[in-house]
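What follows is a short report on a single structure.
FYI, the numbering just counts along the sequence from 1. Remember, it's a predicted structure, so these values are computed and weren't measured experimentally. We count ligands from 1, going down the list as the structure has it; atoms in each ligand are counted the same way.
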Amino acid sequence: MKRPILLHPDPRLKKASAPVADLTDELRTLADDMLETMYDAPGIGLAAPQVGVLSRLIVLDCVKEEGELPQPMAMFNPEIVASSDETNVYEEGCLSIPEQFADVTRPKLVQVRWIDRDGNAQEQEMDGLWATCVQHEIDHLDGKLFIDYLGPMKRQLITRKAVKLKKERAREKA
Ligand code: K2U
Ligand code: ZN
């Protein structure tokens with residue numbers, strides 16, 4: 001089922017998430033719920049802390065070409081084990097900071113290691129949008145948001161707008 005996405009500012013988005021000790025059906029269901037929530041947003045990635053669960057689990061599907069088969073991935077305890085010196089700049093957004101975008105520079109290529117939903121260790125090199133997305137999601141597990149890469153003025157401007165948007169959305173719900 002779809003889960004509500006926490007909006008910045010929220011202390012839970014700034015905390016480090018705990019490693020997954022052992023894979024349970026509850027965690028597999030959480031991964032499925034996160035994918036459903038991500039596709040509905042729509043987005044191409046989502047981290048467990050964004051739905052209020054401080055566990056090291058991310059989901060992503062960065063296939064954007066229409067007509068291409070979706071490629072949903074769930075990664076437990078993901079870690080970047082190597083990254084290129086060469087960097088990429090991408091105008092990033094975040095489902096927890098709606099309607100705000102800014103350029104973020106990140107390594108172009110990353111080698112990622114994780115545990116999949118069957119409990120098997122996986123390792124893969126990622127580039128392009130997949131590389132940007134997986135780094136954005138793993139940052140969420142460390143309590144880091146894309147605005148943390150910006151200067152203080154731009155970060156404060158975005159946070160002030162986020163506070164305003166959060167109040168408006170709370171009023172709509174009331
Ligand atoms: O973690 C999230 O908030 C999900 C982001 C992931 C993301 C942000 C920037 C760059 C790559 C991935 C959402 O998918 S934001 C929506 C979006 C959709 C398509 C392309 C980029 C961002
Ligand atoms: Zn995000």
Side-chain angles (χ1 to χ4, degrees), residues 2-18 20 27 30-80 83-84 86-112 114 124-150 154-163 165-166 169:
K2 273 189 333 193
R3 307 233 181 165
I5 295 175
L6 299 184
L7 293 180
H8 171 72
D10 184 311
R12 289 166 289 181
L13 293 172
K14 301 302 286 171
K15 285 191 170 60
S17 292
V20 166
L27 279 169
L30 172 61
D32 294 339
D33 290 352
M34 285 169 60
L35 279 164
E36 184 183 347
T37 305
M38 179 192 81
Y39 286 124
D40 176 71
I44 56 171
L46 195 65
Q50 292 183 275
V51 293
V53 178
L54 294 181
S55 294
R56 299 187 78 81
L57 162 59
I58 65 174
V59 296
L60 56 160
D61 180 354
C62 304
V63 171
K64 278 168 65 78
E65 289 69 40
E66 289 307 309
E68 279 223 16
L69 269 181
Q71 199 177 324
M73 296 184 85
M75 297 183 169
F76 297 90
N77 301 335
E79 49 184 335
I80 290 167
S83 54
S84 62
E86 195 182 353
T87 60
N88 245 358
V89 181
Y90 193 92
E91 190 183 32
E92 297 196 11
C94 183
L95 294 176
S96 294
I97 314 176
E99 301 162 23
Q100 304 301 319
F101 299 91
D103 283 351
V104 177
T105 302
R106 298 182 189 271
K108 181 175 169 33
L109 277 169
V110 285
Q111 188 77 8
V112 189
W114 72 96
Q124 187 180 330
E125 183 178 86
M126 298 183 131
D127 69 356
L129 188 52
W130 286 88
T132 297
C133 183
V134 76
Q135 292 176 82
H136 178 111
E137 301 312 331
I138 292 175
D139 272 351
H140 272 299
L141 302 183
D142 297 327
K144 195 166 178 130
L145 301 172
F146 81 91
I147 57 172
D148 296 332
Y149 292 94
L150 310 180
K154 178 88 171 143
R155 183 167 53 249
Q156 282 163 24
L157 180 72
I158 288 179
T159 297
R160 265 202 295 276
K161 286 182 185 174
V163 168
L165 182 117
K166 205 169 166 176
R169 291 206 179 173

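- Between Met73 and Trp114 there is a side-chain heavy-atom pair separated by less than 4.5 Å.
- Close contacts of ligand 1 with Gly93, meaning ligand atoms under 4.0 Å from a residue heavy atom, involve 8 (C), 9 (C).
- No side-chain heavy atom of Met75 sits less than 4.5 Å from a side-chain heavy atom of Gln124.
- The closest side-chain heavy-atom distance from Leu30 to Arg3 is below 4.5 Å.
- Using a 4.5 Å heavy-atom cutoff, the side chains of Glu92 and Tyr149 are not in contact.
- Atoms of ligand 1 found under 4.0 Å from any heavy atom of Gly43, numbered from 1 in the order shown, are 14 (O).
- Protein heavy atom closest to atom 11 (C) of ligand 1, with residue, atom name and distance, is Ile44 CD1, 3.6 Å.
- Side-chain contact between Thr37 and Gln50: absent, with no pair of heavy atoms (C-beta onward) separated by less than 4.5 Å.
- Proximity to Cys94 (heavy-atom distance under 4.0 Å) selects the following atoms of ligand 1: 3 (O).
- Of the listed residues (His140, His8, Gln100), just one forms a side chain to side chain contact (heavy atoms under 4.5 Å, CB included) with Cys94, and that residue is His140.
- Counting only heavy atoms of the protein, atom 4 (C) of ligand 1 lies nearest to Gly45 O, 3.0 Å.
- Using a 4.5 Å heavy-atom threshold, the side chains of Arg106 and Ser83 count as separate.
- The nearest N/O/S atom of His140 to the Zn ion (ligand 2) is NE2.
- Between Arg56 and Asp142 there is a salt bridge, since a side-chain N of the basic residue sits under 4.0 Å from a carboxylate O of the acidic one.
- Contact annotation for His140 and ligand 1: only side-chain heavy atoms (C-beta onward) come within less than 4.0 Å of the ligand.
- Of all protein heavy atoms, the one lying nearest to atom 6 (C) of ligand 1 is Glu137 OE2, 3.2 Å.
- At a heavy-atom distance under 4.0 Å, only side-chain atoms of His136, from C-beta outward, approach ligand 1.
- Looking at atom 3 (O) of ligand 1, its nearest protein heavy atom turns out to be Leu95 N, 2.7 Å.
- Of the heavy atoms in Phe146, none comes closer than 4.0 Å to ligand 1.
- Using a 4.0 Å cutoff on heavy atoms, Gln50 counts as a contact of ligand 1.
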